[in-house]
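Have a look at the structure below, then the notes.
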Protein chains: 2
Amino acid sequence: MDWKNKLRNAGYRITDAREQMMDLLINTQTALSPMQIHKALAEQGSQMGLVSVYRNLAVLQENDLVCMVFAPDGSAAYTAGGIGHHHHVLCQRCLNSASFEGCEGFADLIQEIEAQTQFKVQGHLLQFYGLCSECQKNEIHV
Amino acid sequence: MDWKNKLRNAGYRITDAREQMMDLLINTQTALSPMQIHKALAEQGSQMGLVSVYRNLAVLQENDLVCMVFAPDGSAAYTAGGIGHHHHVLCQRCLNSASFEGCEGFADLIQEIEAQTQFKVQGHLLQFYGLCSECQKNEIHV
DNA sequence: ATGCTTATTGAAAAATATTATCAATAAGGA
DNA sequence: TCCTTATTGATAATATTTTTCAATAAGCAT
């Protein structure tokens, strides 16, 4: 199911603002801050206000159409890749974002944590940071 | 080495503000926001300004005396537990924080990610969320 | 196509969170 | 005890996110 039907089925409307945002996020490799999204759309001629960017990010995120990731500096950035349960690798240099599945290996770790801490584990936050292939090339010449 | 010497050796001074903050963070099970720290210290009679809380959190964090964690809502909170490379489990209900070591199991996962994404992985962000033992008890009566 | 209902938008303002400035104070070595 | 300089508090400046509200537009029913 494409994102439009997903939104429609959830009772949301398909607006220009949402189309522009989805197009941008889908076609951008790097994770973008709300401000960057706003700026990029403005440069494309969009009149959309920053407020709508925030509001729609919330809607899109709620419907699993975009993910929030933490940039290396701790700030929030958004990206459209990835379906189902997955995680992200972010390039520390250019914020290029890739997704991957597989945190099954956690089962053992979670058991150990629960034994050690007496917590009941219910969820996790996992991201990797590194260098994308492009930035690795440039890194050589440092 | 206790935290005072650690700071001293790094060229920082031991001030009332820093002592109050360390005492508070060491004796508090839950992760605290800058605001909560400021409020708690004010209630103890401290005159410390919120600005100093922020500044000293930065200093203490830089010296690995406190850790920043992400609360379930994405906001930053601080806790003093844990030495060396470690991670945290946070209670979603009360923000109780426990630390654990062991992300060795990541070696395989990282190799897989690097193969899949062409990234060179250099670091990671990992936290678990769940219920602490106290909150599990209360959960039963929901 | 047309009208109606209501979600959505933009603009401005409010609320929050964080950082910078600078004179006054205090830590800690001489 | 003095001196140097990191640290502090108060204020202001930035940055970030949310709220409010009238105007607009999406999409269903006609």
Side-chain angles (χ1 to χ4, degrees), chain A residues 2-24 31-63 65-66 68-78 95, chain B residues 2-24 31-63 65-66 68-78 95:
Chain A
D2 67 343
W3 69 266
K4 293 189 184 180
N5 282 316
K6 204 166 178 184
L7 269 195
R8 254 191 286 265
N9 291 349
Y12 291 98
R13 297 180 179 174
I14 309 305
T15 64
D16 286 351
R18 288 173 185 162
E19 279 192 287
Q20 288 166 12
M21 284 179 61
M22 281 303 287
D23 284 351
L24 175 67
L32 300 173
S33 70
M35 206 84 76
Q36 287 176 311
I37 293 171
H38 179 250
K39 196 177 158 204
L41 294 179
E43 283 168 2
Q44 291 177 16
S46 165
Q47 304 294 318
M48 191 184 336
L50 178 59
V51 182
S52 290
V53 173
Y54 275 101
R55 278 186 295 221
N56 284 326
L57 280 174
V59 170
L60 298 176
Q61 200 182 346
E62 199 174 295
N63 288 278
L65 296 171
V66 307
M68 193 274 269
V69 295
F70 289 105
D73 68 354
S75 65
Y78 297 82
L95 239 57
Chain B
D2 67 341
W3 69 267
K4 293 189 185 179
N5 282 317
K6 205 166 177 183
L7 269 194
R8 254 192 286 266
N9 290 349
Y12 292 97
R13 295 180 180 174
I14 310 304
T15 66
D16 286 351
R18 288 172 186 164
E19 279 192 286
Q20 289 167 13
M21 285 180 60
M22 282 302 289
D23 284 351
L24 176 66
L32 300 173
S33 69
M35 206 84 76
Q36 288 175 312
I37 293 170
H38 178 249
K39 194 177 160 205
L41 294 179
E43 283 169 2
Q44 291 177 17
S46 166
Q47 305 294 319
M48 190 184 336
L50 178 58
V51 183
S52 290
V53 173
Y54 275 102
R55 279 186 295 221
N56 284 327
L57 280 174
V59 169
L60 297 177
Q61 200 181 345
E62 198 174 297
N63 288 277
L65 296 171
V66 307
M68 193 275 269
V69 295
F70 289 105
D73 68 354
S75 65
Y78 297 82
L95 238 58

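Computed from a predicted structure; not experimentally measured.
- Contacts between residues 13-21 of chain A and DNA chain D, defined by a heavy-atom separation below 4.0 Å, involve A:Arg13, A:Ile14, listed by number.
- Among residues two or more places apart in sequence or in another chain, the side chain to side chain contact (heavy atoms under 4.5 Å, CB included) test is passed with B:Ala76 by B:Met68, B:Tyr78.
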What protein N or O atoms touch nucleotides 15-23 of chain C N or O atoms at under 3.5 angstrom, if any, and at what distances?
residue: C:dT18; atom: OP2; partner: B:Tyr54; partner atom: OH; Å: 2.5

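- Taking A:Val51 as the reference, A:Arg55 meet the side chain to side chain contact (heavy atoms under 4.5 Å, CB included) condition, with sequence neighbours excluded.
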Can you list the steps and then say if A:Leu7 with A:Leu60 is a side-chain contact (heavy atoms from CB on, under 4.5 Å)? CA-CA 8 Å; A:Leu7 269 195; A:Leu60 298 176; 4.1 Å; yes
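- Residues satisfying the side chain to side chain donor-acceptor pair (under 3.5 Å) test with B:Asn9, not counting sequence neighbours, are none.
- Between its two ends, the helix from C:dA1-D:dT30 to C:dA30-D:dT1 turns its axis by 40°, counting five pairs per end and rounding to 10 degrees.
- Put simply, chain B comes within 4.0 Å of DNA chain D, heavy atom to any atom, from D:dT5 to D:dT11, going 5' to 3'.
- In this structure, A:Lys6 has no salt bridge (charged side-chain N to carboxylate O under 4.0 Å, His left out) partners at least two apart in sequence or on a different chain.
- Evaluation of the side chain to side chain donor-acceptor pair (under 3.5 Å) rule for A:Thr15 yields no partner, not counting sequence neighbours.
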Could you check A:Leu24 against A:Leu32 for side-chain contact (heavy atoms from CB on, under 4.5 Å), going step by step and ending with a plain yes or no? CA-CA 10 Å; A:Leu24 175 67; A:Leu32 300 173; 4.0 Å; yes
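- Every residue two or more places apart in sequence or in another chain was checked for a side chain to side chain contact (heavy atoms under 4.5 Å, CB included) with B:Ala58, and none qualifies.
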Set out, in order, the CA-CA distance, both residues' side-chain angles and the distance that settles side-chain contact (heavy atoms from CB on, under 4.5 Å) for B:Arg8 and B:Arg13, then state yes or no. CA-CA 6 Å; B:Arg8 254 192 286 266; B:Arg13 295 180 180 174; over 6 Å; no
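- When each of B:Gly11 and B:Gly49 is assigned the nucleotide of DNA chain D with its nearest heavy atom, B:Gly11 is the one assigned upstream, toward the 5' end.
- Qualifying side chain to side chain contact (heavy atoms under 4.5 Å, CB included) partners for B:Ala10, counting only residues two or more places apart in sequence or in other chains: B:Tyr12, B:Asn63.
- Residue pairs satisfying the side chain to side chain donor-acceptor pair (under 3.5 Å) criterion with at least one member in residues 38-49 of chain A, sequence neighbours excluded, are listed as follows: A:Gln20-A:Ser46.
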The test is side-chain contact (heavy atoms from CB on, under 4.5 Å); show your working for B:Leu65 and B:Val59 and say whether it passes. CA-CA 9 Å; B:Leu65 296 171; B:Val59 169; over 6 Å; no
